[in-house]
Amino acid sequence: METKGALDALLHEERVFRPLPQLVIEANVNPQEYAEAMKLASEDYLKYWEEAAKELDWFKKWDQVLDDSDAPFYKWFVGAKCNIVYNALDRHIETANKNKLALIWEGEPGDTKKLTYYELYRAVNRLANALKTLGVQKGDRVVLYMPPLPEIVIAMLAVAKIGAVHSMVFAGFSAKALRDRITDAEAKIVITADGFYRNGKVVNLKKVVDEALVDGCDSVDTVIVVHRASVETEMVDMRDVWYEDLVRQERPVCPTEVMDSEDMLFLLYSSGTTGKPKGIVHTHGGYMVGVHRSLKWVFDIKPTDIFWCTADAGWITGHSYVVYGPLMVGTTTVMYEGHPLYPQADRLWDIVERYGITIFYTAPTLIRMLMRFGSQYPKKHDLSTLRLLGSVGEPINPEAWVWFYTNVGRSECPIMDTWWQTETGSFMISPLPITLLKPGSATKPLPGIEADVVDDDGNPVPPGKGGLLVIKKPWPSMLRTLYKNPERYKKTYWEKFPGMYLAGDVARKDEDGYFWIQGRSDDVLNIAGHRIGTAELESALVAHEAVAEAAVIGVPDKIKGEVAKAFVILNAGYEVTDPDKLITELKSHVRSELGPVAVIKSIEFKDKLPKTRSGKIMRRILRAQELGKEIGDTSTLED
Ligand code: PRX
């Protein structure tokens with residue numbers, strides 16, 4: 001298909017893209033099986049999930065599929081015993097997968113590491129034994145603050161294997177953000193690296209950990225440091241230990257802890273509408289069922305696939321679809337350490353060609369960034385091994401969709417636009433390879449998931465009309481609670497419409513029942529696919545001595561989807577000699593408070609912010625003014 005023609009068509013009509021007949025014939029789930037699954041799920045969704053659970057190994061089967069007696073604290077596969085690591089690793093050692101590549105890793109300078117399932121298994125066991133030697137016990141929290149290295153996979157699995165809980169903190173977060181998360185999780189161990197390569201430079205990661213640990217964090221006994229980069233690293237006596245030294249003497253065999261289905265597997269912090277991030281809790285049993293089923297069906301995993309999800313393991317996408325999902329289905333997962341434009345804009349296509357990647361799953365912001373450099377970069381490479389593409393993190397605009405489809409997917413590879421969240425654990429609304437696609441729509445809820453779009457009273461809205469996205473039935477990989485804050489869990493997700501999960505997104509359904517996600521309905525921004533609360537940015541701003549009050553809004557951006565703009569009231573008496581200098585200082589202040597993910601694009605000084613009579617900042621008004629839109633209802637405005 002010719003791109004320009006397709007683009008014009010998309011702007012004026014809703015086009016439908018049909019999968020190639022060959023893909024449909026060979027799909028793991030063919031149209032008839034899909035129809036049967038939908039029928040079963042709508043008649044008896046617990047039976048549907050029970051069937052999905054039977055594809056995994058359990059030490060003991062469940063007595064009950066779902067216990068909803070204490071809703072919304074749902075429990076799945078009650079009474080069952082399992083461990084996700086048994087399914088991701090141990091069971092493959094008994095099959096032909098033993099000597100298959102589990103992981104292909106490429107460093108930014110071009111070095112590579114490949115681990116078979118057996119090699120990964122042994123590395124995990126060594127670290128698991130070492131953690132036990134350090135006194136880590138079932139239920140203890142271990143914080144991982146690591147760049148994309150093979151050891152991040154090893155560490156996640158080792159922690160889970162012995163029944164401890166991992167809490168990953170993305171390596172782009174600041175020392176303060178890391179400290180807050182370590183403190184909240186009361187972590188015993190931190191695993192990190194000395195540094196890593198990003199955009200031709202070395203990032204000194206260990207220094208951030210040292211900075212985080214100077215203040216508080218009394219729970220931390222040991223910091224394990226992976227050696228990656230040539231960077232001077234100070235090791236604190238009695239606290240810090242090199243990873244290599246730690247595992248060298250350990251045996252490559254370690255029993256896998258028998259966990260209750262509902263035991264905590266990991267804790268992952270995500271931004272919410274208050275300044276304090278939410279510790280999202282996932283458990284072994286339900287999470288493994290949701291992730292395994294969704295990956296196998298949506299990305300149609302075949303024994304010969306090489307699967308590359310470009311997400312960092314520090315986000316939920318990395319947890320579910322770089323690490324646990326690919327390993328559970330026994331495929332080969334790919335990780336790349338560095339920057340996508342290093343040394344030039346074809347790095348990703350070069351990787352696809354060299355390893356013969358068959359499935360490529362990425363984010364719209366990255367597609368838009370690469371699109372800017374033109375189609376000559378993908379054209380330089382043989383991308384013919386690709387069979388399926390995927391997108392996640394934000395709505396994909398049709399222009400980016402068509403560019404991706406045409407230039408990367410040869411107008412043959414369907415794009416799986418997967419809608420889901422840290423909270424949902426696995427895909428919720430997504431096509432399968434057999435689905436008719438409409439660019440920009442995540443299509444329909446997967447079998448077993450009942451999603452809808454409702455008005456403010458919880459009533460379904462007619463096709464074409466916008467409303468709030470809800471999930472009407474619990475699902476196995478759902479979050480169980482917010483760490484140490486069950487009240488906030490209830491309030492955030494279940495209070496607005498009792499019995500329905502409130503996703504926090506605005507969406508509409510069309511006449512065909514296709515879902516079109518439009519963005520967040522709350523004060524959470526989605527910058528380049530990363531969630532960040534306006535409240536977090538605002539509290540970082542007011543922590544600066546010049547700032548009295550701040551309001552942050554999201555404004556559209558061509559590449560990042562959305563960027564943050566701040567309105568700031570300065571402290572009375574604060575002398576501004578050079579406003580531009582102050583703006584630069586405030587931006588870098590926020591960055592040092594929250595890390596490089598927290599980018600404020602522009603700052604405007606104000607004397608006053610629009611507020612309700614009860615004193616809440618009306619960001620909606622600032623946004624409307626900024627975008628030149630109707631201001632709407634101002635009846636609650638202070639004056
Ligand atoms: O607004 C939706 C958007 O990302 C939010 C979830 O963010 P997070 O928990 O960080 O997880 C991101 C990766 C799963 C959602 O509430 N979002 C995610 N996927 C899509 C999306 N918006 C539109 N289309 C998607 N495919």
Side-chain angles (χ1 to χ4, degrees), residues 168-170 172-173 266-273 277-282 287 290-291 294-295 298-299 309-322 324-325 361-368 389-398 400-401 404 415-431 435 437-446 449 451 453 466 468-471 477-479 482 492-493 501-509 514-533 536 554 560-562 597:
M168 187 88 81
V169 180
F170 174 58
F173 277 120
F266 66 84
L267 184 57
L268 186 56
Y269 288 88
S270 182
S271 290
T273 50
K278 306 181 278 199
I280 289 167
V281 171
H282 283 286
Y287 176 77
V291 173
S294 59
L295 180 61
V298 170
F299 281 113
C309 164
T310 63
D312 189 284
W315 306 106
I316 189 68
T317 311
H319 281 58
S320 300
Y321 301 109
V322 174
Y324 286 116
Y361 181 35
T362 192
T365 181
L366 190 67
I367 299 167
R368 288 192 298 264
L389 302 176
S391 172
V392 61
E394 56 174 311
I396 177 164
N397 48 312
W401 196 100
F404 194 32
I415 301 173
M416 302 297 108
D417 180 354
T418 59
W419 177 86
W420 60 296
Q421 310 176 294
T422 309
E423 290 86 341
T424 70
S426 60
F427 308 149
M428 303 294 278
I429 303 178
S430 167
T435 310
L437 301 176
K438 299 183 186 183
S441 167
T443 75
K444 294 186 179 187
L446 289 169
I449 303 299
V453 180
L468 299 170
L469 182 62
V470 293
I471 313 290
S477 67
M478 62 192 291
L479 78 164
L482 294 178
T492 311
Y493 306 106
Y501 169 84
L502 182 70
D505 279 359
V506 183
R508 69 183 163 83
K509 273 201 293 187
Y514 275 47
F515 284 69
W516 298 77
I517 313 294
Q518 277 148 7
R520 302 286 309 182
S521 63
D522 51 16
D523 286 320
V524 175
L525 306 184
N526 188 336
I527 303 177
H530 297 321
R531 240 158 91 168
I532 183 130
E536 278 171 87
K560 293 182 192 287
E562 188 172 41
V597 275

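Counting starts at 1 for both ligands and their atoms, following the listed order.
- A salt bridge does not link Glu562 to Arg531: none of the charged nitrogens lies less than 4.0 Å from a carboxylate oxygen.
- Checked by atom type, the side-chain pair Trp419/Asp505 shows a donor-acceptor distance below 3.5 Å.
- The aromatic rings of Phe266 and His319 sit tilted, their planes meeting at an angle between 30° and 60°.
- At least one N or O atom of Arg520 sits closer than 3.5 Å to an N or O atom of ligand 1.
- With ligand atoms numbered from 1 in the order given, ligand 1 contributes 1 (O), 2 (C), 15 (C), 16 (O) to contacts under 4.0 Å with heavy atoms of Asp505.
- Ring-plane geometry between Tyr493 and Tyr501 is classed as parallel, the angle between the planes falling under 30 degrees on a 0 to 90 degree scale with a further cut at 60.
- Less than 4.0 angstrom separates some heavy atom of Val392 from each of these atoms of ligand 1: 13 (C), 14 (C), 19 (N).
- Taking distance alone, with nitrogen or oxygen atoms compared against 3.5 Å, Gly529 stays at or beyond that limit from ligand 1.
- Nearest protein neighbour of atom 7 (O) of ligand 1, counting heavy atoms only, is Arg531 CD, 3.1 Å.
- Close N/O approach between Ser391 and ligand 1 is not found [any backbone or side-chain N/O within under 3.5 Å].
- The Ile517 neighbourhood of ligand 1 comprises atoms 22 (N), 23 (C), with distances under 4.0 Å to a heavy atom of that residue.
- Between Ala442 and ligand 1 there is no heavy-atom distance shorter than 4.0 Å.
- Proximity of Gln421 to ligand 1, defined as any heavy-atom pair under 4.0 Å, is shared by backbone and side chain alike.
- Pro395 counts as a contact of ligand 1, since one of its heavy atoms falls under 4.0 Å from the ligand.
- When only modelled atom types and interatomic distance are considered, Thr310 and Thr362 share a side-chain donor-acceptor pair under 3.5 Å.
- Heavy-atom neighbours of Lys560 NZ from other residues, nucleotides or ligands within 6.0 Å: at or below the threshold of 12.
- Short contacts between ligand 1 and Thr317, defined as distances under 4.0 Å to a heavy atom of the residue, involve ligand atoms 13 (C), 14 (C).
- A centroid separation of 6.0 Å or more is found between the aromatic rings of Trp315 and Tyr321.
- Only the side chain of Asn526 comes within 4.0 Å of ligand 1, judged by heavy-atom distances.
- Contacts between Thr422 and ligand 1 below 4.0 angstrom, taking non-hydrogen atoms only, involve backbone and side chain alike.
- No side-chain donor-acceptor contact under 3.5 Å links Ser426 and Tyr287.
- A salt bridge links Glu394 with Arg368: at least one charged nitrogen is closer than 4.0 Å to a carboxylate oxygen.
- For atom 19 (N) of ligand 1, the closest non-hydrogen atom of the protein is Gly393 N, 3.1 Å.
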